[in-house]
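Here's the structure we're looking at; comments come further down.
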Amino acid sequence: MTARLDDHTERFTMLRPLLFTIAYEILGSVTEADDVLQDSYLNWAKVDLAAVRDTKSYLAQLVTRQALKAQRTSARRRESYVGPWLPEPLLLDDRDASADVVLAESVSMAMLVVLETLTPDERAVFVLHDVFGFDYAEISEAVGKSTAAVRQIAHRAREHVHARRKRFDPVDSDQAAEITQQFLTAASTGDMAGLVALLAPDVVTITDGGGLPGAARRPLVGAERVAGAIVRGMRRDLRFEIVTANGAPAVALRTDEDQLLGLVTLEIHDGRITSLYAIANPDKLAALDGPRVITR
């Protein structure tokens, strides 16, 4: 029995970064993805390995089915969520963020926000096929649909995503670091003009505060409005750290006592910041326990 469990553990551990990435992209939650992997492993430990022809495909299907179950529960919770809902941020090792452009885009905050507008089946099919390259027959097993139906779902999901996410221009890491530092300097010094110069005219800021007092409950649009809100909201007791979150530069906001109060992810196009995604919900910040390894 020990050897059998060791074999299960070895196979699962080897594929864990891939399985976590699948679950996270389907759910948009680090916490829920971890729970899905735990439940999936318990089911995997009962499987007769002699009947498994392709471990990667089998586990991807198992995790997808478990993630779709979890998604139904989380969808009910989000119906009563106060203010905008954003995915839980994912801290990444810098190498993960730069080595694979498709992977970086697939976990970007902007892409995850778009994926939220898909149905659960559309999201799972899009993630499995367009991001991870599983074929329609494998996905059919995962979502419980015919291969023909999966093809139609994939086409519909792809059109939906492309209509809302028309471009993804990889930003040079040095340029991204420079713009992020300029943003941080302007924000922390109250340099209104400097902020406006860094922001695209139609920049959008979305804040997920989970109902916290003072958190904006509607998106802010426009360089002047966004810059003004940043300057007014800046506190003297904050210190800042530049990190990589969801494949993009981000700014972590901490108190002098090292309490994490927020994380702001920047999306940059053509040398300007086009979107700011601010996470202030303490429950979502609690999941930031260090960089994660992702793969596809």
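Hydrogens, waters and symmetry mates are skipped; everything else that's a heavy atom, side chains included, is used.
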Has the side chain of Thr255 got a donor or acceptor atom that lies under 3.5 Å from a matching backbone atom of Gln259? yes
Without swapping roles, check the side chain of Glu88 against the backbone of Thr31 for a donor-acceptor pair under 3.5 Å.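 Yes; judged by distance alone, with no hydrogens or angles, the pair exists.
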Determine the minimum heavy-atom distance between [X] and [Y], stating which atoms define it.
| X | Y | answer |
| --- | --- | --- |
| Ala149 | Lys145 | CB-CB, 4.2 Å |
| Pro87 | Val113 | CD-CG2, 4.2 Å |
| Ala200 | Ala223 | O-CB, 3.7 Å |
| Val125 | Val150 | CG1-O, 3.9 Å |
| Phe240 | Ser188 | CE1-CB, 3.8 Å |
| Val30 | Pro89 | CG2-O, 3.6 Å |

Indicate, with yes or no, if Trp85 and Val114 share a hydrophobic cluster defined by side-chain heavy-atom contacts under 4.5 Å among Ile, Leu, Val, Met, Phe, Trp and Tyr.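 No; tracing contacts between hydrophobic side chains, which count when under 4.5 Å, never links both residues.
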Is there a path of hydrophobic side-chain contacts, each under 4.5 Å between heavy atoms of I/L/V/M/F/W/Y residues, joining Met14 to Phe12? no
Test Asp39 against Lys69 for salt bridge (charged side-chain N to carboxylate O under 4.0 Å, His left out), laying out the working first. CA-CA 11 Å; Asp39 292 340; Lys69 289 181 184 177; over 6 Å; no
Are the side chains of [X] and [Y] in touch, meaning some heavy atoms are under 4.5 Å apart?
| X | Y | answer |
| --- | --- | --- |
| Asn281 | Tyr81 | yes |
| Leu91 | Arg292 | no |
| Ile179 | Arg272 | no |

Starting from the C-alpha separation in whole Å, work towards a yes-or-no answer on ring-ring contact (aromatic ring centres under 6.0 Å, His included) for His129 and Tyr136. CA-CA 7 Å; His129 185 268; Tyr136 292 124; 4.4 Å; yes
Quick one: side chain to side chain donor-acceptor pair (under 3.5 Å) partners of Arg296, sequence neighbours excluded?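 In terms of side chain to side chain donor-acceptor pair (under 3.5 Å), with neighbours along the sequence ignored, Arg296 is linked to Asp100.
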Quick one: side chain to side chain donor-acceptor pair (under 3.5 Å) partners of Glu32, sequence neighbours excluded?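 Listed in chain order: Arg77.
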When rounded to the nearest 0.5 angstrom, what distance separates [atom1] in [X] from [atom2] in [Y]?
| X | Y | atom1 | atom2 | answer |
| --- | --- | --- | --- | --- |
| Phe20 | Thr295 | CZ | OG1 | 12.5 Å |
| Arg151 | Ser146 | CZ | OG | 10.5 Å |
| Ile139 | Leu128 | CD1 | CG | 5.0 Å |

Answer yes or no on whether Lys56 is positioned over the face of Phe132, meaning its NZ or CZ is under 6.0 Å from the six-membered ring centre and within 45° of the axis. no
Show me the side-chain donor-acceptor pairs of residues 210-221 shorter than 3.5 Å, one per line, residues at least two apart or across chains.
none

Is Gln175 atom CD crowded by more than 12 heavy atoms from other residues, nucleotides or ligands, each under 6.0 Å away? yes
Is Glu267 salt-bridged to Arg165, cutoff N-O under 4.0 Å? yes
Salt bridge present between Glu141 and Arg65 (N-O < 4.0 angstrom):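 No, no charged N to carboxylate O under 4.0 Å.
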